[in-house]
Number of protein chains: 2
Amino acid sequence: MPTTPASSDDQQAPPSRRELNKAATRQAITDAALELLRAKGPGNFTVEDIADAAGISRRTFFNYFGSTDAALASIVHGFLDTAIQQLRLRPASEPMLESAQAALAALADPKAVAPLAELFTLTQQSPLMAHSELEAWDHCRAQVFAVARERLAGTPGGQDELYVHALAGSIISCGKAAMEVWFSRRGPDLTAGSLTELRQLLIESIALLGTGFAPSASPSATRSS
Amino acid sequence: MPTTPASSDDQQAPPSRRELNKAATRQAITDAALELLRAKGPGNFTVEDIADAAGISRRTFFNYFGSTDAALASIVHGFLDTAIQQLRLRPASEPMLESAQAALAALADPKAVAPLAELFTLTQQSPLMAHSELEAWDHCRAQVFAVARERLAGTPGGQDELYVHALAGSIISCGKAAMEVWFSRRGPDLTAGSLTELRQLLIESIALLGTGFAPSASPSATRSS
DNA sequence: GTGCAAACTTGCACGTAGTGTAATCATGTG
DNA sequence: CACATGATTACACTACGTGCAAGTTTGCAC
């Protein structure tokens, strides 16, 4: 039951000094990494550069992230984590695809996509980010899988592992596809019109899933039973 | 370039000595890497070990692969390349999902899955392979995308980039899901019954896609010992 | 064959990644 | 204040990945 937090990490206010320092350091690292990415481009700066800019030692950097990629991919993680957050807010009785649609549509928000959009534009045709980025999406897939498994535990056919795995993977793929198409069309454009198009794409991609990729489906027909 | 105009890459017999040597070296590297993986386990051997076992220098290893992961992931690449090969053999008039089903079903073959199954079992709970493996699947996704785009170029709605991207990604996700479920159920089991179950899972996962993950779809009797 | 050019391999050197370790410093607790 | 715990740091070390300048093999023309 998502109403009562069953997970252990739901501590809302432990503002101990240590936690605050750690969060601040983490933020300083990602900020420094992003700034260096802006200034020098992907692959043209080292961990030492980041640590130096963040005011920490090289060793400390590795206490927080395993690589420069991982530090930058934390942006993607943050974005996808909000997606999971949105997904968990949906009522458990709602069909999975509709929940996914709603959660994804909520992401077409300037505050959520802005960091991701910049990261994408800065690392566009560079495979340097590909590793950690694919990892981030896969991590999100695992989260969606967990939510779906939880929801479908009692429904007919919901015990089928294949169903849940395939569903979670397909949802992620469709979300990814929508983001990809949006970036290729609009680039770093964050205007209201562009975000509307993103929302449209996200909804439409899940709708394609729901209709089984029917070949003659007209776009923007988000009809579902 | 001796004879052919070489506009296309479909040269079936250029057995020049150089090409043969390169192929042999490449094979020696992957064989050595796999052997070391069997002997020492993931992460417990270096590039120098592989090069030494393959009878080449460390530097030459890096002329073929960018990392040990990449060398091992060539097995996954080989497997997925045969999948693409199967997919391209299907008639262009066939619906995409049916082609995918047929291509995937053809993969439930001992000769094709044996190397992959061993690799999976050897790197089961090790994230060391995750990077290159995810990359391999994504590369396959791009290939499926290319095939799908080519096929749907003239069909109604086929010009929609979103449709093609989402379709290709979902197909890959479903194939991946089927493989994952199969491994979790049967492990390195390559008996006829196990392969039949794999084929069943692959077909069923694509069928789920085709029906839009309809919740009332009758689950198959996959498990029958 | 001989000679040449292109491709491949190799050794070397260099910078960087990533990790173990022990000392030092900051923070929470009695 | 004293003490325990956790975080940062410096140091050292192995391994990765690459540029470079040789040396070696192959292809091709003469």
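Just so we're on the same page: letters track the sequence lines, and every chain starts at 1.
Between the side chains of A:Ser194 and A:Trp182, a donor-acceptor pair is found at a separation under 3.5 Å. No hydrogens or angles considered: nothing links the side chains of A:Asp81 and A:Gln85 as a donor-acceptor pair under 3.5 Å. A:Thr60 and A:Ser57 share a donor-acceptor pair across their side chains, judged by distance under 3.5 Å alone.
Each of A:Thr68 and B:Asn63 was assigned the nucleotide of DNA chain C with the nearest heavy atom; the assignment lying further toward the 5' end belongs to B:Asn63. Each of A:Phe61 and B:Val47 lies near DNA chain D, and the nucleotide nearest A:Phe61 is the one positioned closer to the 5' end. Along DNA chain D, the nucleotide closest to B:Ser67 and the one closest to B:Arg18 are compared, and the more 5′ of them pairs with B:Ser67.
Distance B:Asp49 CG to D:dC16 P: 8 Å, rounded to the nearest Å. One atom, NE2 of B:His131, and another, C1' of D:dG17, lie 16 Å apart when rounded to the nearest Å. In this structure, B:Leu20 places its CG atom 18 Å from P of C:dA7, rounding to the nearest Å. Put simply, CG on B:Asn21 is 9 Å from C1' on D:dT25, counting in whole angstrom units. Between A:Glu48 atom CD and D:dT9 atom P the separation is 13 Å, expressed in whole Å. Per the geometry, CG belonging to A:Leu36 stands 14 Å off P belonging to C:dT16, to the nearest Å. Nucleotide C:dA7 holds its C1' atom 17 Å from the CZ atom of B:Arg26, rounded to whole Å. If you take OH of B:Tyr64 and C1' of D:dC16, they are 20 Å apart, rounded to a whole angstrom.
Between B:Thr60 and C:dT10 there is a side-chain N or O to OP1 or OP2 distance below 4.0 Å.
Counting atom types as modelled, B:Arg59 pairs a side-chain N or O with a base atom of D:dG19 as donor and acceptor under 3.5 Å. With hydrogens and angles ignored, no donor-acceptor pair under 3.5 angstrom links the side chain of B:Arg58 to the base of C:dT9. Judged by distance alone, with hydrogens and angles left aside, A:Arg17 brings no side-chain donor or acceptor close enough to the base of C:dT27 to form a pair under 3.5 Å.
Using the six-membered ring where Trp is involved, B:Phe183 and B:Phe120 have ring planes that are parallel, under 30° apart on the 30 and 60° scheme.
Taking the side-chain contact (heavy atoms from CB on, under 4.5 Å) definition, one finds that A:Ser205 meets it with A:Cys174, A:Ala178, B:Leu162, sequence neighbours left out.
Within 4.0 Å of A:Thr46, counting heavy atoms only, lie sugar-phosphate atoms of the nucleic acid but no base atom.
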